[in-house]
Amino acid sequence: MVQSLLRWYKINKRDIPWRQTKDPYKIWLSEVMLQQTQVETVIPYYKQWIKKYPTFTDVMQAKESDLLKLWEGLGYYNRCRNFHKAVNNIANDHDGKIPDLMGDFKKLPGVGDYISSAVLSISSGQNLPALDGNIIRVLSRVLRKKKVSPHNRKIIHNHILKWMKYGHAGDINEALMDLGSIVCRPNQAHCHECPITEFCGAVATGNPETYPKILTKKKTPEYDVVTGIIWKNDKFLIMLRENKKHLGGLWEFPGGKIKNGENKTKALEREIREECGLNVDIENQIGSFKHVYSHFSINMTSFHCTAKNGSLVTTQQKHQWIKLSQIDNFAFPKANHKIFSLMNEMRRNG
DNA sequence: TACGCGTGGCT
DNA sequence: TAGCCAAGCGT
């Protein structure tokens, strides 16, 4: 297995500058630049950096602003600032020598599990699996692990460790990364080009691309809501929210969510008819506010409404007429107080 | 555990 | 074409 992988790696070895060195400084720099950044983007930045600072000693003299200048356009500028800090730490605490112990190296700012493992395996052959996005994907397919849980990461780590038993740790890490970025792509697993396809558990399922399961960031839903402000003399119509609903037992203006294909006016007419049994004329818009909750957000637009005909009949919900001064236990208090003040202004102005 | 961090390329 | 994605880390 490892033999086929390493053979493939040698045949397909890419012409990348940092592949031609075992200098920990250069490997480290390349790994920092490669964070969430594609190889082709990194190459020119890497070259100009090494041209200006060929050795680690050269960077130790550098000012942060000069390093940031070289980083301009690469993004994630904290990578550069952390690298500078780490270099200073090494100058002060490590006699200017890049630590070759995992424990020491990982303490440096901007150095985590991945970078420390990658650098130390490549520069000094230590058996440290470097679990980047590519390797996690490749191994989750080989071992047929859907979920990238801490537990499965450990299994993946230990599995690669076994492959490293006979050495070549750096090559194994790089080979797996290349395999992930060239062959075992997220949405296109080119299994016919893969040197280890016969050892792959996900190929057997017929859907290797479904490994690992991508956890999509759940976007909080956003609802468009309309409310109607109906008043009689100096009192406003409000409804009590059902207990089982969100914010149940609190008062609100009649209204509700806009359904698919409805505009605001149609939705509001429908909601008021359903909730109060009233047919209304929708007058002018009073205001529109956004409320953000932890799990969703709503865009609430309020309109002044006047009753056309029919009598107020509430079926499922209680209602009451209240004065402005009586507002208490209101759902969406902030927005509704804004609406009240806007409305009062309107009434004063006729 | 989940998000912010930057930019360019891809579909 | 508007999201995704690309050799992570810090908080």
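Values below: every heavy atom of this structure, side chains too, minus hydrogens, waters and symmetry copies. Convention: sequence-line order gives letters A, B, ...; per-chain numbering from 1.
For the pair Gln38(A) CD and dC4(C) C1', the computed distance is 12 Å after rounding to whole Å. Rounded to whole Å, the distance from CD1 on Ile122(A) to P on dA7(C) is 14 Å. Look at CD on Glu174(A): it is 14 Å from P on dA7(C), rounded to the nearest Å. One can place CD1 of Ile182(A) at 14 Å from P of dA6(C), the figure rounded to the nearest angstrom. Between Leu70(A) atom CG and dT7(B) atom C1' the separation is 17 Å, expressed in whole Å. Atom CG of Asn134(A) and atom C1' of dA6(C) are 8 Å apart (whole Å). Across the protein-nucleic acid pair, Arg14(A) atom CZ and dA7(C) atom C1' stand 10 Å apart, rounded to whole Å. Separating the CD atom of Glu72(A) from the P atom of dT7(B) is a distance of 10 Å, rounded to the nearest angstrom.
Taking the centre of each ring, Trp231(A) and His304(A) come in below the 6.0 Å mark. Less than 6.0 angstrom separates the ring centroid of Trp18(A) from the ring centroid of Tyr46(A).
With dG10(C), dC5(C), dA7(C) as the choices, the nucleotide that has an atom nearest any side-chain atom of Asn82(A) turns out to be dG10(C). The Asp132(A) side chain lies nearest to dG8(C) when the options are dA6(C), dG8(C), dT7(B). Of the candidate nucleotides dA6(C), dG8(C), dG10(C), dG8(C) has the atom lying nearest to any side-chain atom of Tyr114(A).
As rounded to the nearest Å, dT11(C) and dA7(C) have P atoms that lie 24 Å from one another. On the C1' atoms, dT1(B) is 22 Å away from dA6(C), given to the nearest whole Å. With both ends at atom P, the span from dT1(C) to dG6(B) equals 27 Å, rounded to whole Å. dC9(C) and dG8(B) have their P atoms separated by 23 Å, with the value rounded to a whole Å.
Residue-level contact check: Leu74(A) touches the bases, meaning some heavy atom is under 4.0 Å from a base atom. Trp18(A) comes within 4.0 angstrom of a nucleotide base, judged by non-hydrogen atoms across all strands. Looking at heavy-atom distances under 4.0 Å, Val42(A) makes no contact with the nucleic acid at all. Backbone-only contact: Gly73(A) has heavy atoms under 4.0 Å from sugar-phosphate atoms and none from a base. Among the atoms of the strands shown, none is found under 4.0 Å from any heavy atom of Arg153(A).
Side-chain polar atoms of Gln20(A) and Asp15(A) form a donor-acceptor pair below 3.5 angstrom. When only modelled atom types and interatomic distance are considered, Thr301(A) and Gln285(A) share no side-chain donor-acceptor pair under 3.5 Å. Thr210(A) and Lys146(A) share a donor-acceptor pair across their side chains, judged by distance under 3.5 Å alone.
Pairs engaging residues 105-149 of chain A under the ring pair (Phe, Tyr, Trp, His ring centres under 6.0 Å) rule: Trp28(A)-Phe105(A) [sequence neighbours left out].
Side-chain nitrogen and oxygen atoms of Tyr77(A) include at least one within less than 4.0 Å of the OP1 or OP2 phosphate oxygen of dT7(B).
For the contact set between residues 25-37 of chain A and DNA chain B, defined by any heavy atom under 4.0 Å, the members are Gln36(A), Thr37(A).
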Which atom pairs, one a donor and one an acceptor, fall under 3.5 Å between side chains of residues 183-207 of chain A and the rest of the protein, sequence neighbours left out?
unit_1, atom_1, unit_2, atom_2, d
Arg185(A), NH1, Ser181(A), O, 2.6
Thr205(A), OG1, Ala202(A), O, 2.5
Thr205(A), OG1, Asn207(A), N, 3.1

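Between Val111(A) and Arg185(A), the residue anchored closer to the 5' end of DNA chain C is Arg185(A), taking for each the nucleotide with the nearest heavy atom. Summary of the strand contacts: Pro150(A) and Arg79(A) both lie near DNA chain B, and taking for each the nucleotide with the nearest heavy atom, the more 5' one is attributed to Pro150(A).
A salt bridge links Arg19(A) with Asp178(A); the closest basic N to acidic carboxylate O contact falls under 4.0 Å.
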